[in-house]
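What you are looking at is a predicted structure, and each value in this text was computed from that prediction instead of being measured.
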Amino acid sequence: MANHRTTYLLVLLIFHSIFLESRACHPTDREALLDFKRRITADPSKLLESWIPDKDCCTRWAGIACDTSTGRVLNLTCPGRDWDSETGPIDTSMSGTLSPFIGNISSLQVLDLGNLKELKGRIPFELGKLALLVFGLKWNHLTGPIPQNLFNRLTSLSEVSLEWNMLSGPIPASIGKLVELRYLNLNNNKLSGRVPESIGRLQNLQTLDMSENQLSGPIPNSIGNLSNLTKFNLGYNRLSGSIPPSIGNMKSLKSLGLSDNALSGPIPNSIGKLQRVKSVYMKNNNLRGNIPTSIGDMTLLEEIHLSNNSFTGKIPATLSRLDNLLDLDLSKNGLSGPIPPIRKLNYLDLSSNPLSLRAIPPWLQQLPLVTLNLSQTGLVGQLPEWLSSSTLSSLDLSANSLTGELPAWIGNITRLSFFSLSRNQFNSSFLPQIRNLSKLFHLDLSHNNFSGGIGEFGTMASLSHLILSHNPLRGKIPESLGKLGYLYALELQGNGLSGEIPKELAEANNLRIVKLSENGLSGEIPEGILNIELLKEFDVSRNRLSGKIPHHKIKLPASSFAGNPGLCGDPLAPCKN
C-alpha cells in the first residue's frame, strides 16, 4: 500500500513540475508573434492556424518553443518544407512581410522561416537586437540590403542562411564579428560590392557560400585564416584579380568553387597543400599560365573543372597520381598533349585544345568512361573499334579530321544518348545501324560527306536533336519523324533532299526548331507544321516550294521562306488569286 501511495505522490510531483510551474508565454513575445501573424497575407498551408490569441503560445502554437521557467520564446520555426514519413518532402508556403516586432522577442535563439517562398520586403534592422544562434530566411522573396547593424550584437550566431532571396547591396563588414559562425550561405541573391576582408576573422566557419551574386573586386587575402572551412564557393560573381596564394592555408577544405568570374593570373602553386579537397571548380574565368604540377599532390581529388580559361603548356603529368579522379574537364584552353593516364575517369572533356592527339589514346578503353569529349583536339584517321564495347553514354569527336566510312559496329554502343561526329570527313552512306541507338537523344552528323537516304527513325523514341545538315544526303524526309514525341530540333539544311515536307511532322508536337533550307523540297508547306504550339524557328528558304504559306501565329521573317519562287502569302508578297 505504501508503494502505491509513493507512486501517486511522484505522479503528482511530476504533473506539478510540468504543468503548474511552467510559465505561460511572455506577453511581449506573444504580442510580437501576433503582429507577425497579422502581416501574413496568405497561409495556404495553415502553418499559423494554431496561433489563436486565447491559447498559450508556448504550449499550443505550432513552431514555438519556450523556456519553461521564464515563458520567453526561444525558437520561432515555421520552415516551408515539412516531411511526411510516408510521402517524403512536402512543400508549404506563406505570404507576407517580416514583422519588426520579432526584435522584441529578446530571448529568441532560433529564427527559421526558410523555404516559405513568398515572404517579401526587407529584413527588419530590429532583428539586430537579438542574441540568435540560428538565423534562417532562405528561399523567400526578401529584398533590399542586409541591414548594416544586423550583425553587431549577433556574436553568438552559429548559422546564417539567407540564400535564394533578392537581397541587394553590400555584405556588411560587421559580419566579421560573428566569431562563432559555422555556416554562412548568401547564395543566389543580388549582393554587390566586395567580399569583406573581415571574413577572415570567422575562424570557426565550416561552410561559406556567396555564389550567384554580383560581388566584384578581389578575393581577400584573409581567406587563408579560414583553416576550418570545408566548403568555399564564390562562383558566379564578378570577382577579379588573382587567386591569393593564402588559399593554400585552408587545410580543411573539401570543395572549392570559383567558376564564372573574371579571375586572372595563374593558379598559385600553394593549391597543392589542399590535400583534403575533392572538387575544384574554376571554369569560365581568365586564368592563364600552366596548370600547376602541385595539383597532383591533391590525392583525394574527384573533380577538376578548369574549362574556358587561357591555360597553356602541357597537361601536368602529375595528374596520373590522382587515383580518385572521376571528372576531368580542361576544355576550351590552349593546352598541349599528351594526356597522362588516369585510372578511374568516367568523365573526360579535353575539347577545344591544340592537343594534336592524332589518335584517341588506347588506355582510355580500360576506363569506365561515361562521357568522352575530344572535339577539336587534332584527331585524324578512323574510329578505333574498341569504342564498340565501351560504356559511353556521351561521345563527342566533332571538329577533327576523322575519315573513312562510319563503321557498322557503331550500332553496338547502345548506351549512347549524346553522339556527335560533326565537322569531320566521313564519307559513307547513312547507316541503318544508327537506328539501334534507341537511347539517343542528340545525334549530330552535320558537315560530313554522308550520302544516300536518311531512312526511318521510328525506333528512336528518345531523340530530341537530329542534326544532319550539310551532307550530300538524298531522298525524302522520312514520315516516321512525326512519331518522335520528344523531337526538339530538326536540322536538315544544306543537303540534297527532295519530295514534299511530310505532313506527319506536325505530330511531333514538341518541335521548336525546324531547319530545312537549301534542299530540293517541293510542293506546299503542310499547314499543321507552322501551328505546332512550341515552334520558335522555322526555315525552308532556298527550296522549290510553292503555294500559299499557311496561316501561322508564330512571327517568322521573310528570309525563312526566301528563294522559293512559287511561295506567296505572309510574310512574303500576297498571293495572286
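- Counting only heavy atoms from C-beta outward, the side chains of L142 and I123 approach each other to under 4.5 Å.
- The main-chain N or O of M166 is found under 3.5 Å from a side-chain atom of N189 such that the two form a donor-acceptor pair.
- Of the possible donor and acceptor atoms, none in the side chain of N333 sits under 3.5 Å from a partner among the backbone N and O of T312.
- Residues Y236 and N213 fail the side-chain proximity criterion, which asks for heavy atoms closer than 4.5 Å.
- Within the 3.5 Å criterion, the main-chain N or O of P341 finds a donor-acceptor partner in the side chain of S320.
- Side chain of N152 to backbone of L150: no donor-acceptor contact under 3.5 angstrom is found.
- Shown here are the side-chain contact (heavy atoms from CB on, under 4.5 Å) partners of T371, two or more places apart in sequence or in another chain: Y347, S394.
- D56 and R30 are not joined by a salt bridge, as no carboxylate oxygen comes within less than 4.0 angstrom of a charged side-chain nitrogen.
- Looking at L74, N75, V73 one by one, the single match for side-chain contact (heavy atoms from CB on, under 4.5 Å) with V110 turns out to be N75.
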Q | disulfide bond (SG atoms under 2.5 Å apart) between C58 and C66, worked out | A | CA-CA 5 Å; C58 284; C66 297; 2.1 Å; yes
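- Annotation: side chain of L130 is not in contact with side chain of R153 (no heavy-atom distance under 4.5 Å).
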Q: Check step by step if side-chain hydrogen bond (donor to acceptor under 3.5 Å, both in side chains) holds for S95 and T41.
A: CA-CA 6 Å; S95 302; T41 56; 4.8 Å; no
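- A tilted orientation is assigned to the rings of F36 and W51, their planes being inclined by 30° to 60°.
- Counting only N and O atoms by type, the side chains of N308 and N284 include a donor and acceptor under 3.5 Å apart.
- Side-chain contact check for I291 versus L319: every heavy-atom pair is 4.5 Å or farther apart.
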Q: Output, in order, the C-alpha distance, side-chain angles, deciding distance and verdict of side chain to side chain contact (heavy atoms under 4.5 Å, CB included) for I271 and M298.
A: CA-CA 8 Å; I271 195 171; M298 304 167 70; 4.0 Å; yes
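- Counting heavy atoms from C-beta outward, K273 and K251 have side chains that approach closer than 4.5 Å.
- No side-chain donor-acceptor contact under 3.5 Å links S161 and N185.
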Q) N165 and L186: side chain to side chain contact (heavy atoms under 4.5 Å, CB included), yes or no, with the steps? A) CA-CA 9 Å; N165 280 284; L186 305 176; over 6 Å; no
Q) Taking it one step at a time, do S106 and R72 satisfy side-chain hydrogen bond (donor to acceptor under 3.5 Å, both in side chains)? A) CA-CA 8 Å; S106 57; R72 301 308 302 252; 3.2 Å; yes
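- Put simply, the side chain of D35 never gets that close to the backbone of L33: no donor and acceptor are under 3.5 Å apart.
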Q | Chi angles and distances behind the side-chain hydrogen bond (donor to acceptor under 3.5 Å, both in side chains) call for N187, E163 | A | CA-CA 5 Å; N187 159 257; E163 66 267 31; over 6 Å; no
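- Partners of K344 under the side-chain contact (heavy atoms from CB on, under 4.5 Å) rule, at least two apart in sequence or in another chain, are N324, L326.
- A donor-acceptor pair under 3.5 Å is formed between the side chain of S50 and the backbone N or O of A62.
- Not one N or O on the side chain of S331 forms a donor-acceptor pair closer than 3.5 Å with the backbone of L350.
- Side-chain atoms of N140 come within 3.5 Å of backbone atoms of L113 as a donor-acceptor pair (strictly under, hydrogens ignored).
- R512 and N510 share a side-chain donor-acceptor pair at under 3.5 Å.
- Residues L229 and L202 fail the side-chain proximity criterion, which asks for heavy atoms closer than 4.5 Å.
- Note: Y488 and H465 meet the aromatic proximity criterion, with ring centroids under 6.0 Å apart.
- In the model, Q206 has no side-chain atom that pairs as donor or acceptor with a side-chain atom of Y183 under 3.5 Å.
- Of the N and O atoms on the side chains of S375 and S351, not one donor lies less than 3.5 Å from an acceptor on the other residue.
- The closest side-chain heavy-atom distance from D349 to L328 is not below 4.5 Å.
- The residues K231 and D209 are annotated as salt-bridged, a charged nitrogen and a carboxylate oxygen being separated by less than 4.0 angstrom.
- Summarising the geometry, atom CD1 belonging to I40 is positioned 9.5 Å from atom CG belonging to L47; distances are rounded to the nearest 0.5 Å.
- Considering I243, V280, I267, L287 as possible partners of L258, the one that fulfils the side-chain contact (heavy atoms from CB on, under 4.5 Å) test is I243.
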Q. V277 and L301: side chain to side chain contact (heavy atoms under 4.5 Å, CB included), yes or no, with the steps?
A. CA-CA 6 Å; V277 167; L301 268 175; 3.9 Å; yes
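- Remark: the backbone N or O of S69 is paired with a side-chain donor or acceptor of D67 at under 3.5 angstrom.
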Q. Can you list the steps and then say if R321 with D297 is a salt bridge (charged side-chain N to carboxylate O under 4.0 Å, His left out)?
A. CA-CA 8 Å; R321 301 178 196 163; D297 297 331; 2.9 Å; yes
Q: Start with the C-alpha gap between L205 and L184, add the side-chain angles, then the distance that decides, and say whether side chain to side chain contact (heavy atoms under 4.5 Å, CB included) holds.
A: CA-CA 8 Å; L205 204 59; L184 174 59; 4.1 Å; yes
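- In this structure, the side chain of N104 does not engage the main chain of I102 through any donor-acceptor pair within 3.5 Å.
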